[in-house]
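Have a look at the structure below, then the notes.
Counting starts at 1 for both ligands and their atoms, in listed order. Just so it is clear, the model here is predicted, and its values are computed rather than measured.
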Amino acid sequence: MTTPPGNSATLMARRARVLSPTYQLFYEQPLQIVRAEGVWMYDERGRRYLDAYNNVPVVGHCHPQVVEALARQARTLNTHTRYLAEQPLQLAEELLATLPPELGSVIFTCTGSEANDLAVRISKGVTGGSGFIVTEFAYHGVTDAISGMSPEDGGPLGPGVYTVPAPLAAEGAAAFGAHVGRCIERMQADGVRLAAMLVDSIFSSDGVIAEPRGFLADAVQKVHEAGGLFIADEVQPGFGRLGDAMWGFQRHGIVPDLVTMGKPMGNGHPVAAVAGRAAVFAEFAKGRRYFNTYGGNSVSCAAALAVLEVIRNENLLENARRSGQYLRGGLQKLAQRQPAIREVRGAGLFIGVELGTNSASGLGGAAETRRIVNSMCRRGVLVGSTGRNANVLKIRSPLTLEPQHADLLLDALDQTLETRA
Ligand code: PMP
């Protein structure tokens, strides 16, 4: 028998004693989640919550095929990439088959942060530059170099890191290319050579910006003209979440020089990667080696292969498209009755709902968003918040979400918008 979970107050006290205060909990009444399955998470009392927030369990929590693949491989062999083995090769082949043909090979890492850190290192080595462009409220990860490229974290920017405004509606996303052009000029005036532009292709932390398709192309062209590389951070949008394609950059008709991926890749098991143009990787490999002990280990590869298979077998891109359209449609209808909803954005099952003042609660955008996240949690629906002004509801369920689940979310949001609590 497993040990029964302690009560939440005890866990919080122990947490405060042994975990660094840098950690934060979700929700005013933190949840103690003890198991999960599909789109559902269960607390210690057996109450279930619709998970419309976590983007990692892309094929649904604890998908039996992924769990079985992990267990089977763990029973057989778990080792690294310095032996000949089937798993990392098959995974690289399958990933490359989903990417444009220009992207020729793969390096495995354990986390999205490591993937971005490596992509940054490669772009410095290949271009000889040291300048980077990121958006004003981007998040790309936790290493020293990458936290300096993650203004969302609140820390200082790293040396050579320049920011551009996120392509928000007020001036039109088409202006993004012009911002990048001016940023490159600023960099050149400072005597800094451009190494790369690193951009999350759905601009998650900047508030979820998906439209109009193609707006990234002009910016990428300017980066290339200035001798820099374009790194597409697919850690959040990748693996079919946007419905149209496996990767967010594909909605923009561009081919990145480097693509970083992680989070959903192992459905919760830590596995990540950088895919790159053959010439870029060849240049980087000259005179240096890269070895990451756990990057590409047999068990992680087995998990990632199972995720790809489930995405294909269960037609999850199509489901992300269909359920995403249904949910966005419902949110747009709600927006007609609920003036607090300013805008519904996103693609597939990556949705941002920008909020303004709600007369029912008397709260403005950020406070109202916080209230809604907590109130929906009490109603059994988990969503999050994002954006520079913290006034955007972030909705990113497993891609197995069905219309009946979307209806639960829509009802909970409708009721919450009508109340004060
Ligand atoms: N890039 C983006 C866009 C992310 O959202 C994250 C994680 N939130 C990362 C990179 C870093 O990934 P990890 O936490 O696996 O290091």
Side-chain angles (χ1 to χ4, degrees), residues 22-24 26 53-58 107-123 132-155 157-158 161 163-164 166-167 196-210 216 230-242 246-249 251-252 256 258-275 292 294-297 300 303-304 307 346-352 383-388 390 392 394-397:
T22 195
Y23 285 111
Q24 289 186 335
F26 282 153
Y53 179 71
N54 288 290
N55 57 344
V56 171
V58 66
I107 301 177
F108 294 115
T109 63
C110 303
T111 66
S113 301
E114 277 185 348
N116 280 330
D117 193 75
L118 177 61
V120 160
R121 189 145 70 89
I122 292 172
S123 54
F132 288 88
I133 301 175
V134 296
T135 51
E136 276 176 354
F137 207 63
Y139 180 79
H140 296 291
V142 295
T143 69
D144 189 27
I146 298 299
S147 67
M149 298 185 192
S150 300
E152 187 200 30
D153 265 359
L157 291 179
V161 179
T163 61
V164 286
M197 175 170 78
L198 170 61
V199 159
D200 168 344
S201 65
I202 188 79
F203 298 86
S204 329
S205 310
D206 287 292
V208 186
I209 302 149
L216 266 172
F230 170 53
I231 307 168
D233 182 338
E234 293 289 338
V235 170
Q236 291 216 35
F239 290 90
R241 174 157 297 283
L242 308 190
M246 272 294 271
W247 309 106
F249 69 80
R251 302 179 69 252
H252 290 274
L258 294 160
V259 176
T260 58
M261 60 188 80
K263 285 195 165 188
M265 189 168 172
N267 208 47
H269 184 84
V271 50
V274 187
N292 185 319
Y294 299 119
N297 74 75
S300 299
V307 168
L349 279 168
F350 206 132
I351 300 173
V383 296
S385 70
T386 190
R388 184 178 195 141
V392 180
K394 181 159 65 168
I395 301 172
R396 311 165 306 188
S397 70

May I ask you to identify the nearest protein heavy atom to [atom], giving residue, atom name and distance to one decimal place in Å?
{"atom": "atom 1 (N) of ligand 1", "value": "Asp233 OD2, 2.7 Å"}
{"atom": "atom 5 (O) of ligand 1", "value": "Gln236 NE2, 2.7 Å"}
{"atom": "atom 10 (C) of ligand 1", "value": "His140 O, 3.1 Å"}
{"atom": "atom 16 (O) of ligand 1", "value": "Ser113 OG, 2.5 Å"}
{"atom": "atom 15 (O) of ligand 1", "value": "Gly112 N, 3.0 Å"}

Which of the ligand 1 atoms, numbered from 1, are nearer than 4.0 Å to a heavy atom of [X]:
{"X": "Thr111", "answer": "15 (O), 16 (O)"}
{"X": "Asp200", "answer": "3 (C)"}
{"X": "Lys263", "answer": "7 (C), 8 (N)"}
{"X": "Asn116", "answer": "1 (N), 10 (C)"}

Euclidean distance, [Y] [atom2] relative to [X] [atom1], rounded to 0.5 Å:
{"X": "Thr260", "Y": "Glu114", "atom1": "OG1", "atom2": "CD", "result": "12.5 Å"}
{"X": "Thr135", "Y": "Leu198", "atom1": "OG1", "atom2": "CG", "result": "8.5 Å"}
{"X": "Asp233", "Y": "Met261", "atom1": "CG", "atom2": "CE", "result": "10.5 Å"}

Check Gly295 against Cys110 and note the closest heavy-atom contact, atom names and distance.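 Taking Gly295 first and Cys110 second, the nearest heavy atoms are N-SG, 3.6 Å.
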
Where the side chain of Asp153 meets the backbone of Ser147, is there a donor-acceptor pair that is under 3.5 Å apart? no

Spell out, as yes or no, whether a donor-acceptor pair under 3.5 Å connects the side chain of Arg396 to the backbone of Phe350. no

I want to know whether Phe26 and Tyr53 have ring centres closer than 6.0 Å. yes

